[in-house]
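Whatever order the structure lists ligands and atoms in, that order sets their numbers, starting from 1. As a basis for the values below, the full set of heavy atoms in this structure was taken, side chains included, without hydrogen atoms, waters or symmetry mates. Every value quoted in this text rests on a predicted model; they were computed, and no experiment measured them.
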Amino acid sequence: MSEAGNSISLRADKLTKRFGGFYALKDFDMDVAKGDIHAVIGPNGAGKTTFFNLVTGMLPADSGRITFEDEAIDDPRPSRRTMRGIARTFQNIRLFGQMTVLENVMLGRHCRAYLSLWKALRNTVLHRPLGEAEEEREMRGHALEILDFLGLSDERHAKATDLSHGKQRKLELARALATDPRLLLLDEPAAGMNPHETEELDDVICSVRDRGITIILVEHDMNLVMGISDRVTVLNFGTKIAEGAPKEIQDDPTVIEAYLGEDVSL
Ligand code: ADP
Ligand code: MG
């Protein structure tokens, strides 16, 4: 998929991030082909979440370039990157605990509603009706559709904190999907899930990809990673040490060595 330039979703070019004198990421290059599930794996502290923070604008890079769909990403604001079509979930779940499941997803839609604000302003200037109720209906309908897709419809009026851990992870995914991304970054989505929930997650990630959304998956569950990824990039101490198809990665001695001492079976 990655021969032609326009089939690349995301390109990282010599991305570097330092904390003091410590390199969390160093000269990191990576091409993510459109439509792929591309895993980024590596031992704890390898720089995986830092990479996501740079892509989403949550942290500024010290040097290097990120290109999304053939255009450099240079506006540092995370909201701009969301509007460009990049969404993420967090390793440590971040939800509005006191709000309902549905409200959490509708908030994810907020970035698109922001665009609609301009539409509304324009309509005011042109003395057209605001169409607020219609906007709200559209947002709610969209959120309900996503909850249905993820099997969370029955819990739509529950408080987010009342959901099981596995369902809270799904809700994070729902909120990310509500922004209509073309690229979705998943940071350890299976963490804390039981085997049944992980199996369901496997299906969900594949269905998201089948909707045309490119996925970068950071995950420690190697069954999940090796089962669904088209390509795997391996980070260790902020540097890429291997990249290839799942089978190649599983047999790579450099990768096996990097994981020595970690409770992970490749
Ligand atoms: P991973 O997600 O692969 O486990 P991280 O990207 O979270 O790793 O972290 C990579 C390294 O950078 C770790 O050594 C971590 O302690 C360090 N690090 C991450 N964020 C910060 C920060 N905000 N300040 C200082 N050090 C950080
Ligand atoms: Mg991490």
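Salt bridge annotation for Arg94-Glu172: absent, with no cationic side-chain nitrogen under 4.0 angstrom from a carboxylate oxygen. Using a cut-off of 4.0 Å between Lys/Arg side-chain N and Asp/Glu carboxylate O, Arg84 and Glu69 are scored as not salt-bridged. We find that Asp75 and Arg77 are joined by a salt bridge, their nearest charged nitrogen and carboxylate oxygen being less than 4.0 Å apart.
Proximity of atom 4 (O) of ligand 1 to the protein is indicated by at least one non-hydrogen atom lying closer than 4.0 angstrom. For atom 15 (C) of ligand 1, no protein heavy-atom neighbour is present inside the 4.0 Å cut-off.
Distances from ligand 1 to the non-hydrogen atoms of Gly47 include at least one value under 4.0 Å. At least one heavy atom of Phe22 lies less than 4.0 angstrom from ligand 1.
Looking at Ala46 next to ligand 1, an N or O pair under 3.5 Å apart turns up. Considering both main-chain and side-chain atoms, Gln91 never comes within under 3.5 Å of ligand 1 through any nitrogen or oxygen pair. Some N or O of Gly45 is nearer than 3.5 Å to an N or O of ligand 1, by distance alone.
Side chains of Ile66 and Arg81 form a contact here, defined as non-hydrogen atoms less than 4.5 Å apart. Between His220 and Lys48 there is a side-chain heavy-atom pair separated by less than 4.5 Å.
Of all atoms in ligand 1, listed by their number and element, those nearer than 4.0 Å to a heavy atom of Asn44 are 4 (O).
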